[in-house]
Amino acid sequence: MTQVQLDSLDIKILQMLAVNARKPYLEIARACDVSGAAIHQRIQKLASMGVINGSETLIDPSTVGYDTCAYIGFFLKDPSQFKHVVEELKKIPEVVECHFTTGQYDMFIKLYARNNDHLLHIIHEKLQHLGLSRTESLISFKEVFKRQIPIDKVD
């Protein structure tokens, strides 16, 4: 996707939404000293340009029983099967991210499991049949921080 031109109002809107995606349009309008309708139009424009891709509610996985976070690097038997593997991974609800990477892995995923036994079950019952020659797993003990990319001011 090509980079889009953003003006100072777009940047200010994005900075506020990055902190709180549920911030009311009227609060954003007041902070930007424009009308609520102008903010609504700008946010619609940013969405139609692909700058904003929806909003999400962030759920703490451990509060709903998912205590194990794992990152798994895949080595595919046949790298031309990438699209097929991706489609199969989409069917596994515990897989929350999938990346096509450079380096030693053909693919890299992030998943959540209820515990280590559940993780082992996912690996053996849901992942091994996908045409993997092998995998390497990393378990995250704790996410220290997560944030949005910085939204810089227009020069």
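Since the structure is predicted, the reported quantities are computational estimates derived from the model, not experimental observations.
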Please say which of F108, F82, F74 ends up in a ring-ring contact (aromatic ring centres under 6.0 Å, His included) with F100.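 The ring-ring contact (aromatic ring centres under 6.0 Å, His included) with F100 is passed solely by F82 among F108, F82, F74.
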Just wondering, do R42 and D7 contact through their side chains at under 4.5 Å, heavy atoms?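 Side chain of D7 against side chain of R42, heavy atoms only: contact under 4.5 Å found.
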* Hey, are the side chains of D106 and T101 touching, using non-hydrogen atoms and a 4.5 Å cut-off? ->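 Sidechains of T101 and D106: no contact.
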query = Picking from I72, L89, T135, what satisfies side chain to side chain contact (heavy atoms under 4.5 Å, CB included) with M107?
reply =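 Result: among I72, L89, T135, L89 is the only option passing the side chain to side chain contact (heavy atoms under 4.5 Å, CB included) with M107.
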Going only through I, L, V, M, F, W and Y residues with side-chain contacts under 4.5 Å, is there a path from [X] to [Y]?
X: V96; Y: L58; answer: no
X: L138; Y: Y66; answer: no
X: V19; Y: Y25; answer: no
X: I11; Y: M49; answer: yes
X: Y112; Y: Y71; answer: no

Next item on the list: Would you please test K12 and D33 for salt bridge (charged side-chain N to carboxylate O under 4.0 Å, His left out) and show each step?
Entry: CA-CA 11 Å; K12 194 166 185 178; D33 200 29; over 6 Å; no
*Check the pair V4 / L46 against side-chain contact (heavy atoms from CB on, under 4.5 Å), numbers first and verdict last.*
CA-CA 9 Å; V4 298; L46 291 167; 6.0 Å; no
Within a 6.0 Å radius of atom CD on Q5, are there more than 12 heavy atoms belonging to other residues, nucleotides or ligands?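 No.
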If you look at every heavy atom in [X] and [Y], which pair is closest and at what distance?
X: I109; Y: L111; result: CD1-CD2, 3.9 Å
X: S55; Y: A21; result: CB-CB, 3.9 Å
X: Q128; Y: H124; result: NE2-CD2, 3.5 Å
X: T63; Y: D60; result: OG1-O, 2.6 Å

Enter the distance from [X]:[atom1] to [Y]:[atom2] here, rounded to the nearest 0.5 Å.
X: K110; Y: S140; atom1: NZ; atom2: OG; answer: 7.5 Å
X: L132; Y: D78; atom1: CG; atom2: CG; answer: 11.5 Å
X: D67; Y: R114; atom1: CG; atom2: CZ; answer: 9.5 Å
X: Q15; Y: I28; atom1: CD; atom2: CD1; answer: 11.5 Å
X: L130; Y: E87; atom1: CG; atom2: CD; answer: 12.0 Å
X: E88; Y: K126; atom1: CD; atom2: NZ; answer: 12.0 Å

Are E27 and R30 ion-paired here, with the side-chain N under 4.0 Å from a carboxylate O?
->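 Not counted as a salt bridge, because no side-chain N and carboxylate O are separated by less than 4.0 Å.
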Exercise for the section: Test side-chain contact (heavy atoms from CB on, under 4.5 Å) on L119 and I123 and set out the steps. Expected result: CA-CA 6 Å; L119 174 60; I123 291 170; 4.0 Å; yes
(request) Assess whether side-chain contact (heavy atoms from CB on, under 4.5 Å) is satisfied between D10 and V51, documenting all intermediate values. (result) CA-CA 10 Å; D10 294 329; V51 175; over 6 Å; no
Check: Are the ring centres of F75 and Y105 closer than 6.0 Å?
Finding: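 Yes, close enough.
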### Message
Quick one, L26 with I39, criterion side-chain contact (heavy atoms from CB on, under 4.5 Å). Give me CA distance, side-chain angles, the key distance, then yes/no.
### Response
CA-CA 8 Å; L26 285 178; I39 295 300; over 6 Å; no
- Query: Would you say E94's side chain and A113's backbone share a donor-acceptor pair under 3.5 angstrom?
  - Reply: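 Side chain of E94 to backbone of A113, a donor-acceptor pair under 3.5 Å: no, none is there.
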